[in-house]
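A short worksheet on the structure shown next.
In what follows, chains carry the letters A, B, and so on, assigned in the order in which the sequence lines appear, proteins first and then strands, with residues in each chain numbered from 1. Predicted model only: the values in this text are computed from it and were never measured.
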There are 2 protein chains.
Amino acid sequence: MFKPLEQADLPSRIADQVLQAIGDGLLRPGEHVTEARIAEQMGTSRAPVREALRLLESQGLIVSHPRRGFFVRSYNADELAEIYDLRECLETHNAQALVGKMTDRDLEQLEAQVELLKALGAEGRTQEQVVQDYAFHRMLCAVGGNSRILKLFDQIATELRSGIALVGRIYDDPVEIARTHDPIIAALRKKDASLIRSELHEHLRDASTHVIDIYRQWPSVPHDALPGHPF
Amino acid sequence: MFKPLEQADLPSRIADQVLQAIGDGLLRPGEHVTEARIAEQMGTSRAPVREALRLLESQGLIVSHPRRGFFVRSYNADELAEIYDLRECLETHNAQALVGKMTDRDLEQLEAQVELLKALGAEGRTQEQVVQDYAFHRMLCAVGGNSRILKLFDQIATELRSGIALVGRIYDDPVEIARTHDPIIAALRKKDASLIRSELHEHLRDASTHVIDIYRQWPSVPHDALPGHPF
DNA sequence: ATTCTGTCGATTGTCGACGATTGACACACG
DNA sequence: CGTGTGTCAATCGTCGACAATCGACAGAAT
């Protein structure tokens with residue numbers, strides 16, 4: 001009847017904006033994020049800004065150094081590799097639980113997801129393709145039924161997205177990338193747990209090395225070389 | 001020459017105390033944690049208390065409801081099962097990476113850990129045995145080499161410990177429990193990845209069902225039955 | 001020239017206070 | 001007697017201000 005009209009609380013909205021700023025490259029990795037400046041620009045006090053930054057910190061997108069402040073997190077190749085390793089850990093684990101729980105309805109939907117992925121790739125809408133890619137893998141996690149693992153996946157996805165956003169062009173061949181999901185679908189059809197696992201393993205390892213390769217070419221800010229105040 | 005004399009910042013110290021209070025059963029699951037009260041008792045203002053609680057929230061030990069405040073998290077059986085599932089996910093994943101990375105030195109140390117576990121069990125020092133149990137599994141994670149996974153394990157361990165602390169007597173046969181680690185060691189000796197995985201799987205599944213069984217007998221506070229202000 | 005010291009500006013950590021919102025309780029009404 | 005409304009106390013969310021701390025910079029001493 002009536003919409004709940006819930007406007008999110010201030011910290012969440014601030015966090016969203018900061019997150020978007022990071023994604024848009026407005027805030028670059030390693031950059032110092034001053035509480036007062038954001039507070040001023042947002043027309044609020046520092047308290048909610050602080051909470052927002054702490055929230056993002058808990059999600060791994062911001063790092064804080066005592067008495068130094070908050071900095072946009074920058075990932076080096078090793079850290080990216082670790083993240084992908086963890087992601088593989090989560091996805092393959094669920095893949096096993098998946099076999100028993102996946103319904104035919106789920107399988108259909110997953111196939112549809114990949115089709116959409118291909119369509120977006122063919123049209124060159126890479127930005128949406130990235131989102132769709134995560135949607136597919138997310139559903140893989142969701143079917144597993146462990147809300148905790150799903151939450152972790154979402155966190156990782158956010159991190160990777162923010163980290164990857166800076167790279168710009170991720171896929172050199174979007175159509176090819178979409179196609180790499182076919183073996184996974186095939187394995188799912190067979191309901192072969194170990195095959196699903198190995199296909200996912202290969203898929204994610206490829207993605208990992210690919211992203212990391214691109215990342216290496218980027219002049220990222222080493223996050224242990226922390227300048228005091230970059231002004 | 002001189003000790004660094006680093007006294008942790010206020011929020012961390014507060015978090016430690018709250019954590020200990022939870023572990024000691026001074027704050028029971030589901031209970032409302034009032035900012036002002038803690039601030040008063042600690043002789044500080046509410047701001048650092050807030051930060052401490054948010055920190056604990058990010059670690060999953062506290063839940064917050066907007067405009068309602070912070071509550072000590074209570075786990076139901078399903079959530080415990082999910083946590084154990086995630087833990088199994090992490091440990092088994094590492095077990096695979098382990099085969100290649102584990103040195104003889106590591107293996108020796110792991111064996112020593114289990115021996116200590118047995119000794120503590122034989123002497124009936126269950127509290128320390130629990131800690132030692134985590135230490136063993138933690139090292140298993142550590143050898144894997146993924147700092148991210150290790151961090152997650154630590155978080156989970158903290159949660160489980162706080163959740164389990166309430167149960168009191170965890171092991172009805174401490175010696176038996178210690179012995180269940182032998183098959184894992186044996187598998188590690190063989191450097192058989194899939195065997196390691198299956199042994200860990202069984203070990204953790206046993207622990208899970210055991211803990212959950214005990215938990216079911218406990219009159220835990222259902223955490224969706226949130227009283228407004230419990231005064 | 002290099003190193004150490006002292007000062008300075010900027011930012012964080014902490015504080016007390018105010019308004020807003022929530023849940024509980026008592027009361028009127030059907 | 002059950003239902004709904006109004007009031008109230010308690011607590012959270014937010015605010016502006018102050019002191020403590022940090023890094024940067026300039027100057028003195030060796």
Any side-chain heavy atom of [X] sitting closer than 4.5 Å to one from [Y]?
{"X": "A:D133", "Y": "A:H181", "result": "yes"}
{"X": "A:V72", "Y": "A:R28", "result": "no"}
{"X": "A:Y84", "Y": "A:T209", "result": "no"}
{"X": "B:E128", "Y": "B:R125", "result": "yes"}
{"X": "A:D16", "Y": "A:Q20", "result": "no"}

What is the distance, to the nearest angstrom, from the [atom1] atom on [X] to the [atom2] atom on [N]?
{"X": "A:E35", "N": "D:dC15", "atom1": "CD", "atom2": "P", "value": "13 Å"}
{"X": "B:E57", "N": "D:dG13", "atom1": "CD", "atom2": "P", "value": "10 Å"}
{"X": "A:H65", "N": "D:dG23", "atom1": "NE2", "atom2": "P", "value": "11 Å"}
{"X": "A:E40", "N": "D:dA17", "atom1": "CD", "atom2": "P", "value": "13 Å"}
{"X": "B:R67", "N": "D:dA9", "atom1": "CZ", "atom2": "C1'", "value": "17 Å"}
{"X": "B:F71", "N": "C:dT22", "atom1": "CZ", "atom2": "P", "value": "13 Å"}
{"X": "B:R37", "N": "D:dT11", "atom1": "CZ", "atom2": "C1'", "value": "12 Å"}
{"X": "B:F70", "N": "D:dC12", "atom1": "CZ", "atom2": "C1'", "value": "9 Å"}

Would you say the rings of B:H137 and B:H203 are close, in the sense that their centroids are separated by under 6.0 Å? yes

With each end axis built from five pairs of C1' atoms, what bend angle do you get for the helix from C:dA1-D:dT30 to C:dG30-D:dC1? Round to 10°. 10°

Just wondering, more than 12 heavy atoms not from A:Q155 lying within 6.0 Å of its CD? yes

How about A:Q96: does its CD atom have over 12 heavy atoms from other parts shown lying under 6.0 Å from it? no

With a 4.0 Å limit, can you tell me whether B:R68 has a side-chain N or O closer than that to the phosphate oxygens OP1/OP2 of C:dG23? yes

So, does A:H32 get its side chain near the phosphate of C:dT12, meaning an N or O under 4.0 Å from OP1 or OP2? yes

Within residues 44-55 of chain B, those residues having any heavy atom closer than 4.0 Å to DNA chain D are B:R46, B:R50

Is the side chain of A:S208 donor-acceptor paired with the backbone N or O of A:L204 at a distance under 3.5 Å, no angle test? no

I want to confirm an ordering. Mapping A:L10 and A:P66 to their closest nucleotides on DNA chain D, which one lands closer to the 5' end? A:L10

